[in-house]
2 protein chains.
Amino acid sequence: MGDKKEKRVTLQDVAKDAGVSRATASLVVRGSTSITEQTKQKVLASMNKLGYVYDRVAASFRSRRSSTVGIIITDIGNPFFSELLANLQDRLDELGYTTLLGMTFESESKQERILETMLEHHVCGIIMAPVAGTNPTVFARLKQLNVPCVLIGREISGARVDYIGTDFQWGTKMAVRHLADQGHKHIALLGGTPHTSAYNERLAGYLEGLEESRIPTDQHHIIPGPPTRESGAVIINQLIRQDKLPTAALCHNDIVALGVIVGLRENRLVAGKDMALVGFDDIKEAATANPGLTTVAVGSGQWGIEAANLLHQRISAETPAPAAQETARIILPPKLVIRESSTHFMGVH
Amino acid sequence: MGDKKEKRVTLQDVAKDAGVSRATASLVVRGSTSITEQTKQKVLASMNKLGYVYDRVAASFRSRRSSTVGIIITDIGNPFFSELLANLQDRLDELGYTTLLGMTFESESKQERILETMLEHHVCGIIMAPVAGTNPTVFARLKQLNVPCVLIGREISGARVDYIGTDFQWGTKMAVRHLADQGHKHIALLGGTPHTSAYNERLAGYLEGLEESRIPTDQHHIIPGPPTRESGAVIINQLIRQDKLPTAALCHNDIVALGVIVGLRENRLVAGKDMALVGFDDIKEAATANPGLTTVAVGSGQWGIEAANLLHQRISAETPAPAAQETARIILPPKLVIRESSTHFMGVH
DNA sequence: TCCTCTTAGTAGATCGATCTAATTATAAGC
DNA sequence: GCTTATAATTAGATCGATCTACTAAGAGGA
């Protein structure tokens, strides 16, 4: 009958019911140690009785702190990111953070809008896979506002920010040498967004690997492209039309490689047999694809956990001298996982 | 030198600089129409000059409103959910919402904790794929707190909440009939979490399809299991050990089907040839798998968009009489997508 | 007994926007 | 010119928890 005003239950109400002050009730919700077990129970009982819901908005408004973390990724359509995100989110959850999610779809303007909104929400930290060509000034801004930030997978030159990634160069070199060991002389580098650290490192590793194997580089076999399945298929069709098909290819990542498999199939060619293939990331699908995809495993799940831990450390730190703080650079070692796509070649080298 | 206090720039500061009142400045940030272009420009200029950052926390604290929406999914490891999430998030972004993300990994206690935290954050709405066996009282609670909620893919009996899904029963029936049309008499139903609406509907469609095709049901060919790749492989190995392999199988979803393909391969059997296979969802991988996976497309992307639109509508509505409100039930039609996995059977029926 | 030290609890100000209700400028009608 | 209606702007209260600084009550030591 009397649901007139429907006022929210506040700490004030709880305190009154429990016969303590608002401040004491506040200390109870925050788990302060300087509260007797007895009063604590009294307050908890009242909270229960009245159906109290903690108001994080009010709390973080007053305290100028929050327990929310922003995660910004380019596109969850790539399973690499879903696997990363699952672990990241899970770990952040364990650490007591709530996550705000943003997806940029590789658009810098979208990224800036998302960042701005997250700042408006007072996130206490940000974990992001930056879009290609991100303006490093945004990181200066974050530093100025004292919001720690961890980059994953892509470094931005000029940004003094924590970074988690793998040794793309070494991983790529391993892959090239593996293909060279199989006798390949025509090894392409397919896909990838130029002007990103992740691409440049791969390119360097690719060139280095070729050189060490004394294979001349062929500019026609270095074909960048968006990191998508479609892109892989498109590139293969293009190579076939130009009659420039290499005997082996190193793909920017696994989904590009999976696209390449499809592109080959469209042309009645069989990945692995007609062309050796190596991917990058080791997403789940790589193991179950047909043929099984040889790939450079980077441990995406581990990245997520490390990123969460590192950010937590930054947030928890007192940061008395934010300027003097060293940035961390966590490089997880890549590992070549050999499957059928690179070991069943039946063509002519 | 003088970065002593580092006070945040507030609307007050902006107002003073622009020579207007705090209230006016507030109206400007909110894009009120009853502000002259002239004063608006003055205020915007001051905001720019002082580097003002809108404080959404303070705003939503005062207004008891927020522009954040909670998304709760079970596991982003399933590409079905990543595709859904990408579209959902994108649409919500367009509508001006920020998303809080939670992952339950099918744990009800986790789900309850996540929900609670989101309520503490004053989300203005929730979109969720509920875990199996979700207690309907949580929805009553949401209704009481006046937080609209849209369920996706799973209905909870007893919960009067909006729902978006597909006609699982019809989709499954179509798939069974397709297999029956190919001459199959032993069609299994593999994977899926019992006691969920999504499973029950499929089961009903499966039984109905068999009946219409005058195929007797075989309890040994109804094998539930978690909706994961691993599960698909495990089930197949189990069937082979028991020498109960059907000639065709309808899988709970695509990743189970992909797991089945792997399980078959482990036993030197070829999906499509030795056993016909139909999945559910039509994730991207279904098209590029080998063999291409016949599946029931449900338009996951569309679900996301519809869910966002519906929630937006609920949030925007005045909801003068929340109790009288009808719940929406949006059922997007499923579509059978036929690929090689169900059309190249070479065994004995 | 008196003083100090620690522990448990509290009063009152405060964070920064938005709300309500009122005020002042501007236009419109006669 | 004067009233009335409408548009533009504003003062001051307010949301609910946390913070700062303070008090009260015991504990322990000399």
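In terms of phosphate contacts, B:S34 brings no side-chain nitrogen or oxygen within less than 4.0 Å of OP1 or OP2 of D:dA8. Taking only side-chain nitrogens and oxygens, A:T36 comes nearer than 4.0 Å to OP1 or OP2 of C:dG9.
A ring-centre distance under 6.0 Å is found for B:H312 and B:Y97. Taking the six-membered ring for Trp, B:F81 and B:W303 have ring centres at least 6.0 Å apart.
Between the side chains of B:S107 and B:T104, no donor-acceptor pair is found at a separation under 3.5 Å. With 3.5 Å as the limit, one finds no donor-acceptor pair spanning the side chains of B:R113 and B:T117. A:T39 and A:T36 form a side-chain donor-acceptor contact under 3.5 Å, judged by distance and modelled atom types alone. Between the side chains of B:E108 and B:T134, not a single donor N or O lies within less than 3.5 Å of an accepting N or O.
Within 4.0 Å of B:I35, counting heavy atoms only, lie sugar-phosphate atoms of the nucleic acid but no base atom. Across all strands, B:V57 comes closer than 4.0 Å to no nucleic acid atom at all (heavy-atom distances). Contacts of B:T39 with the nucleic acid, taken as non-hydrogen atoms under 4.0 Å apart, involve only primed sugar atoms and P, OP1 or OP2.
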Its contact letters, B for base, S for sugar-phosphate only and - for none at protein heavy atoms under 4.0 Å, make nucleotides 11-17 of chain C read BBBBBBB
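A straight line from CD of A:E37 to P of C:dT7 spans 17 Å, rounded to a whole angstrom.
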